[in-house]
Amino acid sequence: MNVQFIDLKAQLPKIRSEIEERFSKIIDSTAFVCGKEVQEFEETFSELHGVKYTTGLSSGTDGNHLVMLCGEIGMGDEVIVPVNTFIATAEGISHSGATPVFVDVDEKTFNIDVNKIEEKINPQTKAINAVHLFGQPAYLKPIKEIAEKNNLFFIEDAAQAHLAEYYDKRVGGIGDIASWSFYPGKNLGAWGEAGAITTNNEEMYIRAKKLRDHGSGKKYYHDLIGHNYRMSEFQAAVLNVKIKHIGEWTEMRRTNAEKYNALLGEIEQVITPSVLEDVKHVYHLYVVRVKDREKLQNFLKENEIATGLHYPIPLHLTQAYAFLGYKKGDFPVAEKLANEILSLPMYPELTEEQIEYVCEKIKAFYKS
Ligand SMILES: *Cc1c(COP(=O)(O)O)cnc(C)c1O
């Protein structure tokens with residue numbers, strides 16, 4: 001049996017014809033950027049996450065940058081960010097001119113360790129980015145308290161957390177602003193690059209809309225030095241069709257995770273994901289901690305099971321961020337996790353047989 005890490009073809013039959021119809025209309029209209037489809041998507045996405053405003057963008061990475069500009073953060077400022085995240089979270093900070101300040105993660109949830117945030121706060125600290133890694137919300141309540149107490153701009157990186165919930169509230173509207181990715185492999189994915197930011201703050205929304213379009217609210221009247229971070233109509237059309245299924249797809253991911261948990265729970269050498277109480281995890285990735293990771297990963301590969309590492313190198317040890325002067329040992333939890341983590345195949349249409357096969361092979365590996 002061959003088990004892919006993610007299989008985007010599996011969802012095509014459900015969505016293809018409606019997307020093709022919408023594509024055809026876009027072609028007829030020749031309105032290719034920020035038109036009706038984008039507007040429809042922004043409204044639907046706001047409703048879905050219980051936030052007032054969504055701004056459709058060209059990518060999640062551009063969203064990571066734009067949230068900084070919305071908070072007027074730049075040169076000389078510091079922004080707190082977990083050391084275990086996709087590099088785009090930190091890139092957004094760096095591109096604004098500010099400096100990312102890394103914080104170690106919590107061993108249980110892989111998210112930022114709340115107890116290690118305050119020691120990093122100084123007069124330069126202007127914001128904190130709580131990443132909802134793998135689809136599990138960060139500890140939002142205590143982080144929000146720290147942010148309020150220290151007057152920090154509170155950002156959520158929700159790129160992996162569509163429909164995730166924290167105390168019955170969907171993420172994306174709990175902080176001051178949130179960024180999203182619709183990269184094809186994300187839980188809600190376009191057929192190319194796309195992203196968004198959400199906020200309940202009207203002023204910030206107006207600023208975001210200007211900044212994505214060369215700082216202008218009205219064509220050729222530029223109030224700010226902006227960017228071209230506009231969303232494609234084609235990508236919005238894909239998202240408008242797929243968003244109708246995201247609830248069902250999320251439940252399928254959760255069911256798959258439960259099946260994995262039940263089967264892997266019996267294996268001593270495997271630690272299954274731990275989920276906080278009062279949190280809804282949406283399993284963008286199903287990440288376990290294992291013994292003999294390298295050997296297991298190779299064994300699974302030989303048995304046609306694809307796996308991934310998210311992420312093999314914590315940000316402070318990447319070449320890109322070497323200039324910040326961190327060293328090995330600075331973030332012991334993230335460094336330890338980097339050697340133990342293994343992401344197993346996860347997507348809604350994964351079958352019971354495939355999950356059983358993956359778990360059987362893992363069992364077989366530790367027996368031999
Ligand atoms: C995917 C991702 C991004 C970047 O999104 P793109 O749309 O690929 O630019 C940012 N942050 C996190 C946590 C991500 O997983």
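Whatever order the structure lists them in is the order used to number ligands and atoms, beginning at 1. Note that the numbering runs from 1 along the sequence shown for the chain.
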Ligand-protein N/O pairs under 3.5 Å (ligand 1):
unit_1	atom_1	unit_2	atom_2	d
ligand 1	5 (O)	S181	OG	3.2
ligand 1	7 (O)	G60	N	2.8
ligand 1	7 (O)	S181	OG	2.6
ligand 1	9 (O)	G60	N	3.3
ligand 1	9 (O)	T61	N	2.8
ligand 1	9 (O)	T61	OG1	2.5
ligand 1	11 (N)	D157	OD1	3.4
ligand 1	11 (N)	D157	OD2	2.9
ligand 1	15 (O)	Q160	NE2	2.8
ligand 1	15 (O)	K186	NZ	3.1

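Annotation: side-chain contact (heavy atoms from CB on, under 4.5 Å) contacts of A130 (sequence neighbours excluded): A138, L140, I143, F154. In terms of the ring pair (Phe, Tyr, Trp, His ring centres under 6.0 Å) criterion, H222 has no residue partners (sequence neighbours excluded).
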**Message:** Quick one, E107 with R289, criterion salt bridge (Lys or Arg N to Asp or Glu O under 4.0 Å). Give me CA distance, side-chain angles, the key distance, then yes/no.
**Reply:** CA-CA 10 Å; E107 188 162 342; R289 293 168 58 191; 2.9 Å; yes
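Residues P137 and V279 share a closest heavy-atom pair of CD-CG1, 3.5 Å.
Among residues at least two apart or in separate chains, side chain to side chain donor-acceptor pair (under 3.5 Å) pairs with a member in residues 359-368 are E266-K363.
Looking at E72 and K126, no side-chain N of the basic residue comes within less than 4.0 Å of a carboxylate O on the acidic one, giving no salt bridge.
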